[in-house]
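These figures come from a predicted structure and were not determined experimentally.
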Amino acid sequence: MLILGADTSSKAATAALLEDGKIICEYTLNINNTHSEKFLPLIEQMLKDTSYSYDNIDVFACGLGPGSFTGIRIGVATIKGLCGALGKKAVGVSSLEALAYNAVGFSGIIVPTVFARADEVFCAVYEKDMKEIMSPSVMTIDELLDFCGDKEALFLGDGAEKFEPIIKQKSASFTVAEHSLNIMRGSGVCALASKKAENNEFISYLELAPVYLRQSQAEREYNKNK
């Protein structure tokens with residue numbers, strides 16, 4: 001089975017190919033505001049370099065968010081369009097869970113974060129075996145740290161980098177991952193999608209939908225001025 005997993009919920013546009021349980025290629029572009037221009041060409045270059053075509057792909061998997069509103073829309077719309085045009089199977093996964101896969105096996109709890117705004121982060125909490133302790137949420141960094149208590153915790157993502165001084169000051173049990181682990185990866189999306197494919201947990205491409213967790217700035221301003 002050949003799975004293409006992709007995510008555009010953060011600054012990074014990323015895609016990977018998983019064939020029979022092994023990552024054979026992964027491309028990540030960690031540059032601001034280029035998803036609309038670079039995401040589809042990134043996928044096409046990856047296929048070209050591996051000598052595959054869209055027809056060879058059995059499953060398209062997409063990180064649904066939460067994260068950047070515009071970024072998520074670009075990724076979901078692209079994967080949705082490819083699935084619809086090619087008649088392929090679709091899988092949607094949590095972008096935060098995919099990010100957590102960068103630290104799978106860590107002895108304490110794994111806390112993936114994406115910077116939201118002001119002092120807020122999109123976040124979730126997982127045990128080392130990826131069992132979910134807290135489902136994807138949006139909260140202040142202080143609320144998240146209070147939730148984690150004094151447990152040994154590894155914080156991932158650009159939210160963790162943004163608030164690294166606060167996290168380290170809060171508890172000696174808290175660690176912020178090195179930068180290489182804080183970037184979203186298509187391989188994490190593929191790993192989650194593979195498990196869902198094994199359980200036949202496919203969805204119609206029409207069901208692929210962004211997970212925002214809150215209103216966009218435009219929606220907030222509109223409701224404020226109603």
Side-chain angles (χ1 to χ4, degrees), residues 1-65 67-68 70-105 112 130 156-158 178-208 210:
M1 178 179 291
L2 184 64
I3 298 174
L4 186 151
D7 190 280
T8 56
S9 65
S10 66
K11 188 172 79 169
T14 181
L17 287 173
L18 181 82
E19 185 174 36
D20 298 330
K22 295 182 179 180
I23 295 292
I24 59 172
C25 189
E26 181 175 41
Y27 283 3
T28 300
L29 190 62
N30 193 32
I31 300 175
N32 277 324
N33 303 321
T34 61
H35 296 346
S36 60
E37 300 174 2
K38 301 295 186 180
F39 181 52
L40 188 57
L42 180 149
I43 291 175
E44 292 176 342
Q45 185 64 49
M46 183 176 66
L47 292 174
K48 178 181 178 181
D49 290 346
T50 54
S51 298
Y52 283 117
S53 70
Y54 285 121
D55 288 335
N56 296 128
I57 298 170
D58 299 297
V59 179
F60 284 84
C62 183
L64 303 178
S68 163
T70 301
I72 297 169
R73 284 196 294 269
I74 292 169
V76 172
T78 300
I79 298 302
K80 194 171 184 176
L82 289 172
C83 285
L86 299 166
K88 299 292 186 175
K89 295 178 180 178
V91 171
V93 306
S94 163
S95 295
L96 288 171
E97 189 174 358
L99 178 59
Y101 251 87
N102 289 357
V104 66
M130 295 303 295
L156 306 167
D158 61 8
E178 61 181 66
H179 179 67
S180 62
L181 298 178
N182 290 328
I183 300 172
M184 192 74 68
R185 291 176 176 161
S187 55
V189 176
C190 284
L192 294 175
S194 179
K195 291 185 176 182
K196 289 196 172 188
E198 289 175 2
N199 296 322
N200 205 35
E201 296 177 12
F202 301 109
I203 60 174
S204 164
Y205 73 94
L206 295 173
E207 297 178 82
L208 287 172

Less than 4.5 Å apart, any side-chain heavy atom of Phe60 and any of Val91? no
May I ask you to decide if Glu201's main-chain N or O and Asn199's side chain share a donor-acceptor pair within less than 3.5 Å? no
Do you know the tightest heavy-atom contact between Ile72 and Gly67? CD1-N, 3.4 Å
Would you say Thr14's side chain and Gly186's backbone share a donor-acceptor pair under 3.5 angstrom? yes
Taking all non-hydrogen atoms of both residues into account, name the closest pair between Leu99 and Gly157 and its distance. CD2-CA, 3.8 Å
Rounded to the nearest 0.5 Å, how far apart are CG of Leu96 and OG of Ser9? 7.5 Å
Using every non-hydrogen atom in the two residues, find where Cys83 and Lys89 come nearest and quote the distance to one decimal. SG-O, 3.9 Å
Taking only distance into account, with no hydrogens and no angle test, what donor-acceptor pairs under 3.5 Å do side-chain atoms of residues 187-197 form with protein atoms, sequence neighbours excluded?
unit_1	atom_1	unit_2	atom_2	d
Ser187	OG	Glu26	OE2	2.9
Lys195	NZ	Tyr101	OH	2.7
Lys196	NZ	Gly92	O	2.9

Please round to the nearest 0.5 Å and tell me the distance separating atom CG of Leu29 and atom CD of Glu37. 10.5 Å
Could you pull out all residues at least two apart from Asp55 that satisfy side-chain contact (heavy atoms from CB on, under 4.5 Å)? Ser53, Leu86
Straight-line distance of Ile79 CD1 to Ile74 CD1, nearest 0.5 Å: 12.5 Å
Please find the pair of heavy atoms, one from Gly63 and one from Val76, that lie closest to each other, and give the distance. O-CG2, 4.2 Å
Validation row: Ser180, Arg185 side chains within 4.5 angstrom (heavy atoms): yes
Evaluate the side-chain proximity of Leu2 to Ile24: yes if any heavy-atom separation is below 4.5 Å, no if none is. yes
Can you tell me if NZ on Lys88 sees more than 12 non-hydrogen neighbours from other groups inside 6.0 Å? yes
Mind running side chain to side chain contact (heavy atoms under 4.5 Å, CB included) on Leu47 and Ile57 for me, showing each step along the way? CA-CA 10 Å; Leu47 292 174; Ile57 298 170; 3.9 Å; yes
Other residues, nucleotides and ligands only: do more than 12 of their heavy atoms fall within 6.0 Å of NZ on Lys80? yes
Heavy-atom pair with the smallest gap, counting every atom of Leu4 and Ile43: CD1-CG2, 3.7 Å
Would you call Leu17 and Met46 a side-chain contact if the rule is heavy atoms closer than 4.5 Å? yes
I need the Thr28 OG1 to Asp7 CG distance, nearest 0.5 Å. 9.5 Å
For Ala16 and Ile23 the tightest heavy-atom approach is CB-CD1, 4.4 Å
If you round to the nearest 0.5 Å, how far is OG of Ser10 from CG of Asn30? 7.0 Å
Using atom types as modelled and distance alone, determine if a side-chain donor or acceptor of Asn102 lies under 3.5 Å from a backbone N or O of Asn182. no
Can you measure from CG (Leu156) to NE2 (His179) and round to the nearest 0.5 angstrom? 12.5 Å
